[in-house]
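First comes the structure, then the notes that go with it.
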Amino acid sequence: MMSQEQNDLITRTGPKDPCGKLMRSYWQPAALVDELEGARPIRPVKLLGENLVLFRDERGRYGLIDRQCAHRGADLAFGRLEHGGLRCAFHGWLFDATGQCIETPAEPKDSKLCQNIRQRSYPVVEKSGILWAYLGEGEPPAFPEIDCFVAPGTHTFAFKGHMACNWLQALEVGIDPAHASYLHRFFEDEDTSTAYGKQFRGASAGSDLPMTKILREYDRPIINVEHTEYGLRLIALREIDEERTHVRVTNQLFPHGFVIPMSTEMTITQWHVPVDDENCYWYAIFTSYTNPVDKKKMRDQRLELYELPDYKSRKNRSNDYGFDPHEQQTATYTGMGNDINVHDQWAVESMGAIQDRTKEHLGQSDKAIVQYRRLLRQEIEKVGGGERPMLFLDEANARSIQGPATMDGIGPTRGWETYWMEVDVKRRRGAPWTAPVPKEIADNVHRLTAAE
């Protein structure tokens, strides 16, 4: 258990909150690039509790500025894109992508008023299908050279979804290896050849065993947690028999992301981004190490659940997440359909807007949660003391963070420690794009050649 003060410390992300200052040390996903397609590329954005408006001007420059006009507070999300900026519909004041006011048309012709008017603004960059914003002070950090940022656009696909709860409980479900054997349990296995784009529905690497069968029948994983330069590595072991063990390697990417295997050919890199303290979006980049991503199929699959323009789930608290007691008895553990995003959403939203951790009781299977919270408090303290937190990189050391390695396969019960590394390296070296092999992995896998 923890105190209410400790819970507030690690959950609240406003501008004056200690965790909010930590979050502002990193680039944050602000929107999908897709959201600014079309004839009117303007989008209201709430990020880390701040109300902003995101737009793209006629020259293709992105701007992220305060939503309330500096003149008299009208809503710039209803503004007009013209003359190199975003114009307020109230009195016509015009702001460029940096937030500088460049016209105040209702004022006298010789007025210099606009020269001293500037909306608060934040830099925006486009990367792997996501528009990233930096809400911190000073120079923003460099992006790490992780796979989702290195792979070409043909081999990545980005999407997002809304959760009506605090960011931390949404993240913690992704670094909890034990829950998948229960929350995502299916009583029958499907044809794994139809699993494209679906998590936990394919076969585990090195076998024809469906992941659904492994999770269902081997539900007491041994969980190892290792500290890394980017956060944590989680290794979950499910012993099949004396000769074979299922190995699943996932990663916590500090501060609020994780990297997990989706299938033998794809990984998911996902961030849980605070809208405010009681809402968040997950942003995911799917990265393929084999064929180009079928983006239409991936998008269509997800739009069966998520509604535009806000990417909110059709199954939610208002309709009991589609709960069907007959299905719960015969087909799925939750009775909430086959989409695991619904399962996760129910689990984290049912905890309340901000989980009351003063009442929880953690066990051995929660060791990754315990380690992450400890790490989070440590980095909050560093930022409070004026230090740079982990993974705040400059251009000189951005390449030091590569990968990270993920794996989901059945290997030898004796020798799994190097087996998962070998599988990861082989996949990287066989990729049609240059997938860096993390040095710590390469140093431990000597026998694989580039040809292999």
Side-chain angles (χ1 to χ4, degrees), residues 11-13 28-32 34-35 43-49 51 77 130 157-176 179-180 182-187 197-201 212 256-258 260 262 268 270-286 297-357 359-360:
T11 56
R12 298 192 178 276
T13 59
Q28 298 287 339
L32 297 173
D34 290 348
E35 294 182 80
R43 181 77 179 157
V45 168
K46 191 171 186 182
L47 183 60
L48 299 178
N51 288 303
I130 294 175
F157 167 72
F159 201 76
K160 74 177 192 179
H162 179 267
M163 287 183 169
C165 66
N166 184 260
W167 71 275
L168 182 56
Q169 62 217 57
L171 168 68
E172 287 182 342
V173 76
I175 56 173
D176 171 8
H179 86 277
Y182 300 92
L183 186 66
H184 305 316
R185 180 177 295 190
F186 297 88
F187 299 147
K198 303 175 184 177
Q199 193 178 1
F200 294 137
R201 307 314 293 271
T212 47
H256 53 11
F258 58 71
I260 61 177
M262 177 179 180
I268 305 172
Q270 185 163 306
W271 294 264
H272 290 84
V273 184
V275 172
D276 51 33
D277 290 339
E278 297 187 353
N279 294 273
C280 65
Y281 275 106
W282 59 261
Y283 282 82
I285 301 174
F286 302 82
K297 184 170 186 176
M298 295 281 283
R299 181 177 173 82
D300 288 349
Q301 284 176 340
R302 281 148 188 82
L303 288 179
E304 290 177 8
L305 177 63
Y306 292 98
E307 293 186 287
L308 303 181
D310 296 321
Y311 292 81
K312 292 186 176 180
S313 174
R314 291 181 171 87
K315 292 185 176 182
N316 52 58
R317 186 181 290 114
S318 69
N319 55 25
D320 289 336
Y321 304 91
F323 176 72
D324 179 346
H326 177 70
E327 179 196 309
Q328 187 181 49
Q329 186 177 19
T330 61
T332 69
Y333 203 74
T334 61
M336 296 175 187
N338 294 333
D339 195 318
I340 70 167
N341 289 290
V342 178
H343 309 166
D344 287 340
Q345 183 180 351
W346 163 78
V348 298
E349 290 184 354
S350 69
M351 299 174 185
I354 303 177
Q355 180 191 353
D356 184 356
R357 293 175 177 80
K359 297 179 180 179
E360 69 179 2

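Residue numbers start at 1 and run along the sequence shown. All heavy atoms count here, side chains included; hydrogens, waters and symmetry mates do not.
- What you find for C280 and P274 is that their closest heavy atoms are CB-CA, 4.2 Å.
- Ring centroid separation for the pair Y311 and F159 comes in under the 6.0 Å cut-off.
- In this structure, E327 contributes its side chain and M336 its backbone to a donor-acceptor pair below 3.5 Å.
- Between V173 and H179 the shortest side-chain heavy-atom distance falls below 4.5 Å.
- Using modelled atom types, one side-chain atom of H343 and one backbone atom of G337 make a donor-acceptor pair closer than 3.5 Å.
- The two residues G174 and I260 have their closest heavy-atom pair at O-CG2, 4.5 Å.
- Atom CD1 of I340 and atom CZ of R185 lie 15.0 Å apart (nearest 0.5 Å).
- The OG1 atom of T13 sits 9.0 Å away from the NE2 atom of H256 when rounded to the nearest 0.5 Å.
- How far OH of Y283 is from CD of Q28: 10.0 Å, rounded to the nearest 0.5 Å.
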| task | I would like to know whether D276 and K46 meet side-chain contact (heavy atoms from CB on, under 4.5 Å); could you show each step before the answer? | result | CA-CA 7 Å; D276 51 33; K46 191 171 186 182; 3.4 Å; yes
| task | May I have the step-by-step check of side-chain contact (heavy atoms from CB on, under 4.5 Å) for R357 and Q169, ending in yes or no? | result | CA-CA 10 Å; R357 293 175 177 80; Q169 62 217 57; 3.8 Å; yes
| said: Is there a side-chain contact (heavy atoms from CB on, under 4.5 Å) between I268 and I285? Walk through the geometry before answering. | reply: CA-CA 6 Å; I268 305 172; I285 301 174; over 6 Å; no
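- Ring pair Y306/H162: centre-to-centre distance not below 6.0 Å.
- Rounding to the nearest 0.5 Å gives a distance of 8.5 Å between CZ of F323 and OG1 of T334.
- Partners of T11 under the side chain to side chain donor-acceptor pair (under 3.5 Å) rule, at least two apart in sequence or in another chain, do not exist in this structure.
- The salt bridge (Lys or Arg N to Asp or Glu O under 4.0 Å) test with E307 singles out one residue from K315, R314, K312, and that residue is R314.
- Distance check: C165 SG to I354 CD1 gives 10.0 Å after rounding to the nearest 0.5 Å.
- Remark: side-chain polar atoms of N166 are paired, donor with acceptor, to backbone N or O of D277 under 3.5 angstrom.
- Across every non-hydrogen atom of A170 and V348, the tightest pair is CA-CG1, 4.0 Å.
- By the salt bridge (charged side-chain N to carboxylate O under 4.0 Å, His left out) test, R299 pairs with D34, sequence neighbours left out.
- Across all their heavy atoms, L183 and Y333 have their closest contact at N-CD2, 4.2 Å.
- Checking W282, W167, F258 one by one against H272, the ring-ring contact (aromatic ring centres under 6.0 Å, His included) holds for a single residue, F258.
- Nearest heavy atoms, T332 versus F186: CG2-CD2, 3.9 Å.
- Remark: the D344 side chain and the N341 side chain contain no N/O donor-acceptor pair separated by less than 3.5 Å.
- No hydrogens or angles considered: a donor-acceptor pair under 3.5 Å links the side chains of Y321 and E349.
- Residue P309 comes nearest to E35 through the heavy atom pair O-OE1, 4.1 Å, listed as atom of the first residue, atom of the second, then distance.
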| request: Run the numbers on D310 and Y281 for side-chain contact (heavy atoms from CB on, under 4.5 Å), then give the verdict. | output: CA-CA 10 Å; D310 296 321; Y281 275 106; 4.0 Å; yes
